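Read the structure below first, then the notes.
Fair warning: this is a prediction, and the values are worked out from it, not measured in the lab. Chain naming here is simple, since letters A, B, ... match the order of the sequence lines and numbering starts at 1 in each. Every heavy atom of this structure was used, including side-chain atoms; hydrogens, water molecules and symmetry mates were not.
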Amino acid sequence: MNEKELRRSMSVFPIGTVMTLTDLTARQIRYYEEQKLICPERNEGNRRMYSLNDIDVLLEIKDYLAEGINMAGIKRIYELKENEEENDERSTLTDDDVRRILQDEFLALRGIDTKGPSRFF
DNA sequence: CTTCTGACA
DNA sequence: TGTCAGAA
């Protein structure tokens, strides 16, 4: 990991700063942490300290939410990202994997846990 | 004053 | 998700 990535992953902001920077409530920010979408560190006083990376993810989450994607969908999007990274490292990506990822990406674009296909538009 | 955890009229 | 309490 280079210095640039190191700085972006350095936890330095208290939740208050993150709230003003992302327009999210403390409740939401903590909830997304429970959903393992971000992993802020804790300081000596058990206060959460966020990094620029955490803020970027929070901002992305806010955009997905604005597009109408629910938590289940957002989680899947990040799960797919993890798989993509793993595949890049081991170049184990087959044509069939690509097809499946694109398929899931489409489904994730709008919530999944919804009943029928009646909510496409 | 700011943040944390847990809980729910 | 909001919000309130009690503690740190």
Side-chain angles (χ1 to χ4, degrees):
Chain A
M1 188 181 283
N2 59 53
E3 292 181 37
K4 187 175 181 180
E5 299 175 337
L6 216 74
R7 280 192 296 266
R8 292 191 66 61
S9 60
M10 186 159 38
S11 303
V12 292
F13 312 101
I15 198 168
T17 302
V18 180
M19 286 175 69
T20 66
L21 257 36
T22 63
D23 279 302
L24 291 172
T25 65
R27 180 79 162 75
Q28 289 177 299
I29 297 173
R30 296 181 188 125
Y31 176 67
Y32 303 147
E33 175 185 356
E34 285 187 349
Q35 302 308 298
K36 299 173 56 177
L37 268 31
I38 53 177
C39 50
E41 289 170 15
R42 300 302 187 98
N43 64 13
E44 316 71 46
N46 193 41
R47 264 72 208 287
R48 269 169 269 249
M49 295 303 273
Y50 302 80
S51 69
L52 290 173
N53 280 319
D54 291 325
I55 294 178
D56 283 343
V57 173
L58 253 15
L59 255 17
E60 289 174 15
I61 294 175
K62 205 185 68 168
D63 288 338
Y64 289 137
L65 253 27
E67 290 175 41
I69 301 176
N70 57 42
M71 269 309 108
I74 294 177
K75 278 189 180 180
R76 297 191 55 168
I77 290 177
Y78 284 97
E79 287 172 9
L80 289 177
K81 274 196 173 186
E82 289 177 20
N83 291 326
E84 276 183 61
E85 291 172 7
E86 290 176 13
N87 287 329
D88 280 345
E89 292 172 18
R90 306 168 188 173
S91 53
T92 319
L93 165 123
T94 69
D95 291 352
D96 204 43
D97 289 330
V98 177
R99 233 169 40 75
R100 191 177 53 66
I101 291 176
L102 259 39
Q103 167 77 42
D104 289 352
E105 191 81 59
F106 172 69
L107 292 175
L109 208 54
R110 355 223 129 200
I112 338 261
D113 59 23
T114 323
K115 321 264 177 169
S118 56
R119 58 194 298 293
F120 285 83
F121 295 97

Closest contact, heavy atoms only, Leu37(A) versus Val57(A):
O-CG1, 3.4 Å
Quick one: Met19(A) CE to dT3(B) P, roughly how many Å, whole number?
7 Å
Less than 4.5 Å apart, any side-chain heavy atom of Tyr50(A) and any of Ile29(A)?
yes
Compare every heavy atom of Asp54(A) with every heavy atom of Met49(A), then report the nearest pair and how far apart it is.
O-OD2, 4.4 Å
What does nucleotides 1-8 of chain C look like as a protein-contact string, B for base, S for sugar-phosphate only, - for none, at under 4.0 angstrom between heavy atoms?
BBB----B
Min side-chain heavy-atom separation Leu52(A)-Phe13(A) under 4.5 Å:
yes
Protein-nucleotide distance (Asn46(A), atom CG; dT2(B), atom C1'), rounded to Å:
13 Å
Sort by first number and list every stem of DNA chain C: at least 3 consecutive Watson-Crick or G-U wobble pairs, both distances under 3.5 Å.
B:2-8 with C:2-8
Nearest-angstrom distance from the residue atom OH of Tyr50(A) to C1' of dT2(B):
13 Å
Side chains of Ile77(A) and Glu60(A): closer than 4.5 Å at any heavy-atom pair?
no
Within this structure, what is the CD1-to-P distance between Ile29(A) and dT3(B), rounded to whole angstrom?
10 Å
Separation of dT3(B) C1' from Glu33(A) CD (nearest whole Å):
13 Å
Can you name the side chain to side chain contact (heavy atoms under 4.5 Å, CB included) partners of Glu41(A), sequence neighbours left out?
Ser11(A)
Near Glu5(A) CD, under 6.0 Å, is it more than 12 heavy atoms from other residues, nucleotides or ligands?
yes
Answer with yes or no whether the side chains of Asn46(A) and Arg42(A) bring together a donor and an acceptor at under 3.5 Å.
yes
